[in-house]
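Beneath this line is the structure, given in structure tokens, with notes to follow.
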Amino acid sequence: MRWESDVPLDSLARYRIGGPVQRLCRPKSLEALRKGLREASDAGYKILGTGANVLISDRGLDCSVLVLRGELDYVRVENGAIEAGAAARLPALAGTARRLALRGFHFLEAVPGTIGGGLRMNAGSRDDWLWHCVEWAELMTPEGELVRMSPAEVAPSYRHVDVPDDWVFVAARFSAPKGEIAAIKEAHMSFRERKVRDQVYELPSIGSTWKNPPTPYPSAWLIVNEVGMRGAKIGGAQIAERHSNFIVNLGGARADDVLGLMAETRRRAREHFGLWLEPEIHFWGFDPECLATVGAI
Ligand SMILES: Cc1cc2nc3c(=O)[nH]c(=O)nc-3n(C[C@H](O)[C@H](O)[C@H](O)COP(=O)(O)OP(=O)(O)OC[C@H]3O[C@@H](n4cnc5c(N)ncnc54)[C@H](O)[C@@H]3O)c2cc1C
């Protein structure tokens, strides 16, 4: 396996934030992935999709990162189903369903990232999740064994699946029944229009920062507004005016800027609502004290 050293992760992550990783490889097949996992498992590894949901520390990572590519990037339509490799993009899955009038994928319009990241995060909206469409997903264990899991086995919940952290999604099969073309196109386009209008696409972000708290609390974005943090800025990071659950990179933002905004928001939410907000995003390369300030541990 060809390993690159000291690769700056801000160039690979959607947020354009993150220091260098010690070792990085880009496996293009299952065999290459198996080899990469074997070579990386001693010092630990992480799988990076497009980084559309990960905040990476400014000082970088002293483990290995694997980025899936090549043969693991495919979307194939079969009888009543779509099969996709973990490196394929969620927009390719949504686009395929839209073009071929396959039901059940409208909520993936304008959701950036890979199939692998989407399966790990159980990507979706409040009510529709990727795992609602999954028939099975295939994973590789650190020892290189392939394991097929059903939705019942991974027990999907809001932005979470019960799968060991070091298992790697490599493919999935999604149930995709044929629908009525005009109705499907309309569902996709109206979902996309609303999302692009209400959320932030013109600046780098990693989507919703906080999970929505349970009822009777208001949505996370309303809480951020109520505590006066909408539009707040630290360094190059800003809580977006248009959608206050997004923190955007105005240019040159550092992970510490984002953490600072999160910690202050969380402190104020506790004070005003008696509630500890929980982050939706993942954090790489931070020490436990830092993570505690934003509720990540
Ligand atoms: C503008 C914008 C809008 C968004 N809208 C939504 C939305 O509507 N709904 C939603 O749920 N999310 C949304 N997100 C967040 C993001 O799109 C999703 O979480 C997406 O699934 C992340 O995919 P990724 O490939 O970039 O994963 P990454 O961010 O690279 O990784 C996320 C996690 O998944 C793990 N991972 C990645 N690939 C694999 C793999 N093959 N096997 C095992 N683990 C893996 C990583 O290690 C990490 O822990 C949005 C983000 C942005 C920037």
Side-chain angles (χ1 to χ4, degrees), residues 1-28 32-33 35-69 72 86-87 112-114 116-118 120-121 140 142 159 164-169 203-210 233-239 246-266 279-297:
M1 176 54 56
R2 193 173 82 81
W3 289 95
E4 301 157 51
S5 5
D6 295 323
V7 182
L9 288 173
D10 59 352
S11 63
L12 290 173
R14 187 179 170 99
Y15 219 177
R16 299 284 170 255
I17 294 177
V21 63
Q22 224 168 54
R23 301 199 315 156
L24 181 133
C25 74
R26 307 172 203 244
K28 295 191 174 72
L33 174 62
K35 198 156 182 272
L37 293 179
R38 214 176 298 132
E39 290 173 5
S41 56
D42 280 353
Y45 59 83
K46 293 186 180 299
I47 309 296
L48 180 67
T50 67
N53 220 205
V54 186
L55 179 65
I56 302 168
S57 88
D58 300 314
R59 71 161 196 269
L61 306 175
D62 52 12
C63 61
S64 301
V65 164
L66 291 89
V67 183
L68 311 189
R69 291 276 189 267
L72 302 168
T114 61
R120 169 65 71 187
M121 299 302 302
M140 190 175 280
R159 304 294 173 265
D165 283 348
D166 54 359
W167 288 27
V168 184
F169 286 101
L203 287 168
S205 79
I206 42 175
S208 295
T209 311
W210 305 106
K233 248 189 236 178
I234 297 183
Q238 181 177 32
I239 297 184
F246 277 52
I247 300 181
V248 293
N249 179 355
L250 298 170
R254 296 173 57 76
D256 284 348
D257 302 337
V258 177
L259 284 186
L261 287 170
M262 290 184 71
E264 179 58 12
T265 304
R266 193 161 179 271
E280 180 163 318
I281 58 178
H282 285 192
F283 300 85
W284 287 1
F286 298 94
D287 53 40
E289 296 91 82
C290 255
L291 294 178
T293 64
V294 295
I297 49 170

S11 versus R16, closest heavy-atom pair with distance: O-NH1, 3.4 Å

Any residue meeting salt bridge (Lys or Arg N to Asp or Glu O under 4.0 Å) with D58, in chain and number order, not counting sequence neighbours: R254

Chi angles and distances behind the side-chain contact (heavy atoms from CB on, under 4.5 Å) call for L55, Y15: CA-CA 8 Å; L55 179 65; Y15 219 177; 3.8 Å; yes

Heavy-atom closest contact (C63 atom, G44 atom, distance): CB-O, 3.4 Å

Heavy-atom side-chain contact between Y45 and D166 under 4.5 Å: yes

From CD1 (I247) to CG (L261), nearest 0.5 Å: 5.0 Å

N249 (side chain) donor-acceptor with P204 (main chain) under 3.5 angstrom: no

Return all side-chain donor-acceptor pairs below 3.5 angstrom for residues 281-297, not counting sequence neighbours, or 'none' if the list is empty.
unit_1 : atom_1 : unit_2 : atom_2 : d
D287   : OD1    : C290   : N      : 3.2
T293   : OG1    : C290   : O      : 2.6

Nearest non-hydrogen partners of E280 and S208, listed with the distance: CB-O, 3.5 Å

Backbone N/O of I206 and side chain of N53: donor-acceptor pair under 3.5 Å: yes

Output a table of donor-acceptor pairs, distance under 3.5 Å, between side-chain atoms of residues 19-26 and any protein atom two or more places apart or on a different chain; print 'none' if there are none.
unit_1 : atom_1 : unit_2 : atom_2 : d
R23    : NE     : S64    : OG     : 3.4
R23    : NH2    : E39    : O      : 3.1
R26    : NE     : E4     : OE2    : 2.9
R26    : NH2    : E4     : OE1    : 3.0

Test log, rule side-chain contact (heavy atoms from CB on, under 4.5 Å), inputs K28 and L72: CA-CA 6 Å; K28 295 191 174 72; L72 302 168; over 6 Å; no

S205 side chain vs G207 backbone, donor-acceptor pair below 3.5 Å: yes

Heavy-atom check, side chain of L250 versus side chain of V248, under 4.5 Å: yes

T114 versus G117, closest heavy-atom pair with distance: OG1-N, 3.0 Å

Residues V168, L68; criterion side-chain contact (heavy atoms from CB on, under 4.5 Å); working and verdict: CA-CA 10 Å; V168 184; L68 311 189; 4.2 Å; yes

CH2-CE distance between W167 and M140, expressed to the nearest 0.5 angstrom: 12.0 Å

Side-chain heavy-atom pair P27, M1 within 4.5 angstrom cut-off: yes

Min side-chain heavy-atom separation W210-R266 under 4.5 Å: yes

Nearest atoms (heavy-atom pairs only) where A237 meets A253: N-CB, 3.8 Å

Side chain to side chain, V65 and L48, heavy atoms closer than 4.5 Å: yes

Test log, rule side-chain contact (heavy atoms from CB on, under 4.5 Å), inputs L33 and L66: CA-CA 8 Å; L33 174 62; L66 291 89; 3.9 Å; yes

